[in-house]
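Proteins get letters first, then strands, A, B, ... in listed order; numbering begins at 1 in each. Predicted model only: the values in this text are computed from it and were never measured.
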There are 2 protein chains.
Amino acid sequence: MTRVLVVDDEPQILRGLRTNLVARGYVVDTAPDGEAALDLAARHRPDVVIVDLGLPGIDGVDVIRGLRTWTAVPIIVLSAREQESEKVDALDAGADDYVTKPFGMGELLARVRASERRAVSPDAEEAVVRTPAFTVDLTAKKVVAADETAIRLTPTEWHLVEILVRHPGKLVGQRQLLQEVWGPRYEEETNYLRVYMAQIRRKLEPEPARPRFFITEPGMGYRFEPGG
Amino acid sequence: MTRVLVVDDEPQILRGLRTNLVARGYVVDTAPDGEAALDLAARHRPDVVIVDLGLPGIDGVDVIRGLRTWTAVPIIVLSAREQESEKVDALDAGADDYVTKPFGMGELLARVRASERRAVSPDAEEAVVRTPAFTVDLTAKKVVAADETAIRLTPTEWHLVEILVRHPGKLVGQRQLLQEVWGPRYEEETNYLRVYMAQIRRKLEPEPARPRFFITEPGMGYRFEPGG
DNA sequence: CGTCGACGTCAAGATCGCGTCAAGGGGGCT
DNA sequence: AGCCCCCTTGACGCGATCTTGACGTCGACG
């Protein structure tokens with residue numbers, strides 16, 4: 001399941017893209033302006049972002065910069081402007097691709113596929129992490145306890161678990177966690193981390209009061225220890 | 001140093017691209033056809049490949065397929081053909097980007113930069129410093145004793161250890177330590193250093209009273225000696 | 001031999017960060 | 001429209017960590 005965020009101020013284009021993408025099996029979010037786009041991106045964590053440069057309010061290039069402060073998600077730019085300086089600015093701000101309107105839907109879809117392929121390929125291996133108490137399947141986005149029962153995680157819980165599990169043994173700073181899960185404006189809300197780490201431990205740790213796998217490093221961050 | 005492989009059958013374009021890329025500090029290989037391209041790619045392992053679709057002999061799309069059998073190197077396609085089906089084929093064969101001729105050099109360079117940026121980010125190097133008594137993992141922010149037991153450091157302790165370990169064998173002034181850990185207003189508080197160095201030695205030195213690794217240079221600062 | 005400066009040690013109070021609980025509100029699904 | 005789940009937010013207690021001061025030790029130097 002690939003989630004695509006489309007940002008454009010023209011309702012027709014938005015509708016056209018949504019229809020085509022949904023028909024290909026994508027899950028689609030749409031945003032009419034930059035504000036909504038940044039907000040949605042932080043909450044829904046799209047796998048690909050398609051953004052129009054000519055937006056009301058925040059400029060498209062600034063949307064790209066805003067995203068790039070905290071995520072490496074592939075960004076495809078749409079634009080009616082042919083000027084080379086526009087393209088260079090958008091690409092150097094962190095965009096991955098640039099398509100000029102009018103564009104063919106087939107081409108755009110092919111570029112989306114290329115973006116997906118790039119993002120998924122590096123970690124295709126070893127998508128399952130096992131511990132003595134539970135198993136995390138990163139591609140299926142599932143957690144299974146040692147006794148084979150499935151464990152349900154909320155989106156936010158999963159997001160945290162995913163980040164920690166992808167860096168086994170490494171300390172992940174609270175800033176980084178907050179930024180990646182909630183967005184760059186939440187770097188100070190260490191409260192969230194405490195609440196959610198407690199919930200995660202309740203669901204995954206044999207003894208939530210004595211964490212073996214999700215270790216707190218006071219004042220610094222959290223660490224996932226696969227060995228326990 | 002980034003190595004770029006340019007594949008095109010028109011000598012002028014080849015020369016133009018080489019000149020521009022070399023001027024930007026890239027190392028450039030050129031190939032006039034697909035055979036030479038695949039051969040050069042295998043031998044020189046480029047970081048980015050720029051390939052023209054209209055090649056004599058092997059088709060450009062087949063060059064892409066050939067590369068994709070063994071490498072994930074970013075591939076940028078150049079082409080005079082505007083047809084959408086061409087673009088879709090090239091992208092689905094594994095290309096990352098597609099630029100139609102005539103193209104602006106600034107745009108192409110920006111797309112090369114975008115490719116580079118994507119490729120470099122996922123690689124995080126391991127920074128580990130070993131001594132006979134303990135091992136410091138700078139990326140995981142972890143210290144392990146010689147007997148494999150983990151050693152817990154507080155944030156301040158870790159900060160000090162990190163600075164010293166990153167300058168092995170070198171003397172680090174007390175001013176510098178105080179400034180980096182506590183801030184510029186604490187440059188005179190050499191007390192702090194004494195307290196924390198004592199704690200660090202208690203945790204890491206086999207004989208805290210006779211430091212082997214964290215050496216005091218009276219009146220000047222401290223030094224980390226990996227050999228002990 | 002005495003003094004002085006710098007360092008190591010220790011202990012106690014203040015502060016900070018963490019885990020926990022619970023209530024409120026909003027959005028999605030039926 | 002109603003319900004339920006999830007996210008947000010605040011308060012509280014406890015333990016760990018930081019800060020701070022005092023004291024002992026050692027070596028250099030006069």
Side-chain angles (χ1 to χ4, degrees), chain A residues 3 27-31 36 39-45 141 143 151-161 164 171-175 177-178 180-183 185-205 207-223, chain B residues 141 150-161 164 171-175 177-178 180-183 185-205 207-223:
Chain A
R3 187 178 282 272
V27 178
V28 180
D29 286 325
T30 55
D39 186 49
L40 264 175
R43 286 194 289 119
H44 282 183
R45 266 305 193 113
K141 306 210 173 200
V143 182
I151 300 177
R152 259 184 44 79
L153 296 183
T154 72
T156 308
E157 287 164 10
W158 168 260
H159 206 161
L160 270 177
V161 169
L164 288 168
L171 172 65
V172 185
Q174 12 197 36
R175 296 258 158 137
L177 290 169
L178 287 163
E180 290 203 29
V181 176
W182 282 274
R185 281 176 302 180
Y186 293 78
E187 279 190 4
E188 315 281 321
E189 302 284 345
T190 59
N191 241 326
Y192 293 8
L193 288 181
R194 292 206 287 279
V195 171
Y196 277 94
M197 288 309 298
Q199 286 174 358
I200 290 169
R201 283 169 176 154
R202 257 197 296 280
K203 293 184 179 181
L204 298 184
E205 292 275 2
E207 279 185 283
R210 267 175 236 298
R212 290 172 55 192
F213 307 105
F214 295 95
I215 312 295
T216 302
E217 297 286 355
M220 305 202 277
Y222 293 85
R223 180 202 310 282
Chain B
K141 301 211 173 189
I151 299 177
R152 268 187 39 79
L153 296 183
T154 71
T156 310
E157 287 163 9
W158 170 260
H159 207 160
L160 272 175
V161 168
L164 289 169
L171 171 67
V172 184
Q174 1 196 34
R175 294 262 158 128
L177 289 169
L178 287 163
E180 288 203 35
V181 176
W182 281 274
R185 281 178 306 180
Y186 293 77
E187 281 190 1
E188 314 284 320
E189 303 283 346
T190 60
N191 238 323
Y192 293 7
L193 288 181
R194 290 204 286 279
V195 171
Y196 277 95
M197 288 310 297
Q199 285 175 359
I200 290 169
R201 283 167 175 156
R202 252 198 301 277
K203 292 185 179 181
L204 298 184
E205 293 275 2
E207 280 184 283
R210 281 191 221 320
R212 289 171 56 192
F213 308 105
F214 295 96
I215 313 296
T216 302
E217 297 286 352
M220 310 186 63
Y222 294 85
R223 177 207 317 279

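- In this view, B:Ala150 satisfies the side chain to side chain contact (heavy atoms under 4.5 Å, CB included) rule with no residue, not counting sequence neighbours.
- Between the CD atom of A:Glu157 and the C1' atom of D:dT8 there is a distance of 14 Å, rounded to whole Å.
- Chain A approaches DNA chain C within less than 4.0 angstrom (heavy atoms of the protein), and the contacting nucleotides run 5' to 3' from C:dG17 to C:dC21.
- With sequence neighbours excluded, the residues forming a side chain to side chain contact (heavy atoms under 4.5 Å, CB included) with A:Thr30 are A:Val6, A:Leu14, A:Arg18, A:Val28, listed by chain and number.
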Using distance only, find each side-chain donor-acceptor pair of residues 211-221 of chain B under 3.5 Å and give its atom names and separation, not counting sequence neighbours.
| from | atom 1 | to | atom 2 | distance (Å) |
| --- | --- | --- | --- | --- |
| B:Thr216 | OG1 | B:Arg201 | NH2 | 2.7 |
| B:Glu217 | OE2 | B:Arg223 | NE | 3.1 |
| B:Glu217 | OE2 | B:Arg223 | NH2 | 2.4 |

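- Within residues 212-220 of chain A, no residue has any heavy atom under 4.0 Å from DNA chain D.
- In this structure, CG in A:Asp29 is found 13.5 Å from CZ in A:Arg45, a value given to the nearest 0.5 Å.
- Residues B:Met197 and B:Leu177 form no side-chain contact, since every pair of their non-hydrogen atoms from C-beta on lies 4.5 Å or further apart.
- Distances shown here put every side-chain N or O of A:Trp182 at or beyond 4.0 Å from the OP1 or OP2 atom of D:dC7.
- With rounding to whole Å, A:Tyr186 atom OH is found 9 Å from D:dT8 atom C1'.
- Scanning for salt bridge (charged side-chain N to carboxylate O under 4.0 Å, His left out) contacts around A:Glu205 gives an empty result, with sequence neighbours left out.
- Inter-residue side-chain proximity for B:Leu153 and B:Leu160 is flagged as unmet; no heavy-atom pair is nearer than 4.5 Å.
- Near-neighbour residues of DNA chain C inside residues 192-204 of chain B, defined by a heavy atom below 4.0 Å, number-ordered: B:Arg194, B:Val195, B:Ala198, B:Arg201, B:Arg202.
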Measure all distances between protein nitrogen or oxygen atoms and nitrogen or oxygen atoms of nucleotides 2-5 of chain D, and list the pairs falling under 3.5 Å.
none

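- Listed by chain and number, the residues in a ring-ring contact (aromatic ring centres under 6.0 Å, His included) with A:Tyr196 are A:Trp182 (sequence neighbours excluded).
- Using a 4.0 Å heavy-atom criterion, one finds that B:Thr156 contacts the sugar-phosphate atoms exclusively.
- Listed by chain and residue number, nothing satisfies the side chain to side chain contact (heavy atoms under 4.5 Å, CB included) test with A:Pro155 (two or more places apart in sequence, or in another chain).
- Residues meeting the salt bridge (charged side-chain N to carboxylate O under 4.0 Å, His left out) test with B:Glu187, sequence neighbours left out: B:Arg175.
- Listed by chain and number, the residues in a side chain to side chain contact (heavy atoms under 4.5 Å, CB included) with A:Val195 are A:Gln199 (sequence neighbours excluded).
- In this structure, CD in B:Glu157 is found 3.5 Å from NZ in B:Lys203, a value given to the nearest 0.5 Å.
- Whole-Å rounding puts the A:Asn191 CG to D:dC7 P distance at 15 Å.
- Between the CG atom of B:Leu178 and the CG atom of B:Asn191 there is a distance of 10.0 Å, given to the nearest 0.5 Å.
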